[in-house]
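The block underneath contains the structure these notes are about, expressed in structure tokens.
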Amino acid sequence: MPPGLRRRAVLLLLAGAMVALAPALGRAEALVLSLSKSRITITSSFTGDSIVLFGVIEALPGRSTDTPRDVIVTVRGPNESFVTWRKERHFGLWVNVDSRSFLSAPSYLAVLSNRDPAEISDSDTLRQEQAGLTHNRFLQRVGSDYADVVPEDPFRQAFIRVKKAQGLYFEDSAGVTFIAPRVFRAVIPIPGIAPVGTYQVSVKTFLDQHLEAHGLLPLDVTKVDFEQTVATAAQDHPWLYGLASALGALAVGFIASIAFRRD
């Protein structure tokens with residue numbers, strides 16, 4: 001086939017594919033999302049907070065409004081790197097014998113849904129959409145390779161277990177409630193040790209195990225007042241911050257020795 005005809009045939013195939021996909025793309029539902037507040041400020045007395053997410057699933061013309069939808073809300077904090085250690089007992093002492101590095105893992109991860117994600121869609125779809133703690137991808141350094149591992153991996157389970165104990169990872173299959181057929185809400189708890197940064201609130205709706213709509217909202221967690229000043233100084237001027245901390249500790253110790261000395 002001459003090059004000109006081959007190029008024309010390829011263009012015709014692409015145009016036909018776009019026409020075939022257009023109805024499917026037009027069937028996607030829309031989401032209207034809102035947070036009770038989009039910014040959390042951390043002060044010295046901060047012990048935690050809760051954010052309420054409200055969502056409305058917009059109905060399309062001709063689409064049944066009686067069929068119930070499923071909703072999965074995933075909240076991810078800023079990415080950080082972590083190291084998980086495996087200990088063994090040697091000569092009566094527990095020592096570190098192996099480790100696994102988790103690269104760019106969410107510092108905070110919450111998954112809320114109206115029912116168990118395993119009942120909402122098939123495992124391949126949940127894995128692709130990272131819906132649920134089990135189906136989230138955690139990039140790890142395994143020797144010289146970088147990959148995610150099976151959910152049953154002991155290092156992966158230990159990592160999630162530690163984060164759950166800290167209150168930074170959790171999953172609630174009853175965390176999304178419908179207050180009307182197409183109106184839902186979810187309460188997102190933010191613990192007192194929540195890392196600062198921009199969080200991503202991802203909302204996905206499913207119908208008959210298929211992804212219908214996807215929405216995304218930002219949530220800022222920031223320090224204010226004196227706490228922010230100290231954090232900024234520690235980040236921008238680490239040597240001066242360390243010197244000031246050492247001098248402050250010496251001054252406190254000197255004053256305490258005078259105040260509590262015995263005459």
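The first residue of the sequence shown is numbered 1, and numbering continues consecutively from there.
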**OP:** Verify side-chain contact (heavy atoms from CB on, under 4.5 Å) between L109 and L133, making sure each step is shown before the conclusion.
**Re:** CA-CA 8 Å; L109 180 59; L133 286 182; 3.4 Å; yes
**OP:** May I have the step-by-step check of side-chain contact (heavy atoms from CB on, under 4.5 Å) for R185 and V176, ending in yes or no?
**Re:** CA-CA 6 Å; R185 70 188 295 271; V176 176; over 6 Å; no
Subject >> Verdict with reasoning, I72 to F206, per side-chain contact (heavy atoms from CB on, under 4.5 Å) >> reply: CA-CA 8 Å; I72 299 180; F206 294 81; 3.8 Å; yes
Subject >> Verdict with reasoning, E129 to K204, per salt bridge (charged side-chain N to carboxylate O under 4.0 Å, His left out) >> reply: CA-CA 9 Å; E129 301 299 331; K204 298 180 180 181; 2.7 Å; yes
**OP:** Give the intermediate values and the outcome of side-chain contact (heavy atoms from CB on, under 4.5 Å) for residues R76 and N136.
**Re:** CA-CA 11 Å; R76 293 184 176 87; N136 266 265; 2.7 Å; yes
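Without hydrogens or angle criteria, R127 side chain to D122 main chain gives no donor-acceptor distance under 3.5 Å. Put simply, the side chain of D153 gets close to the backbone of F155: a donor and an acceptor are under 3.5 Å apart. Formation of a donor-acceptor pair under 3.5 Å by the Y169 side chain with backbone atoms of P106 is found in this model. Q200 places no side-chain N or O within 3.5 Å of a backbone atom of G77 that could act as its donor or acceptor partner.
Placement of V187 and F54 within a single hydrophobic cluster is found when ILVMFWY residues are connected by side-chain heavy-atom separations under 4.5 Å, directly or transitively.
Its side chain outside the 4.5 Å cluster rule for every partner, V162 clusters with none of the Ile, Leu, Val, Met, Phe, Trp and Tyr residues.
The distance from atom CD1 of I188 to atom CZ of F170, rounded to the nearest 0.5 Å, is 8.0 Å.
Of the N and O atoms on the side chains of S173 and D116, not one donor lies less than 3.5 Å from an acceptor on the other residue. A donor atom on one side chain and an acceptor atom on the other are found under 3.5 Å apart for S202 and H214.
The aromatic rings of F82 and F159 are tilted relative to each other, their planes meeting at an angle between 30° and 60°.
Here the rule is side chain to side chain contact (heavy atoms under 4.5 Å, CB included) with L53, and of L219, L217, V71 only L217 fits it. Exactly one of I190, V221, I193, D49 qualifies for a side chain to side chain contact (heavy atoms under 4.5 Å, CB included) with I42. That residue is V221.
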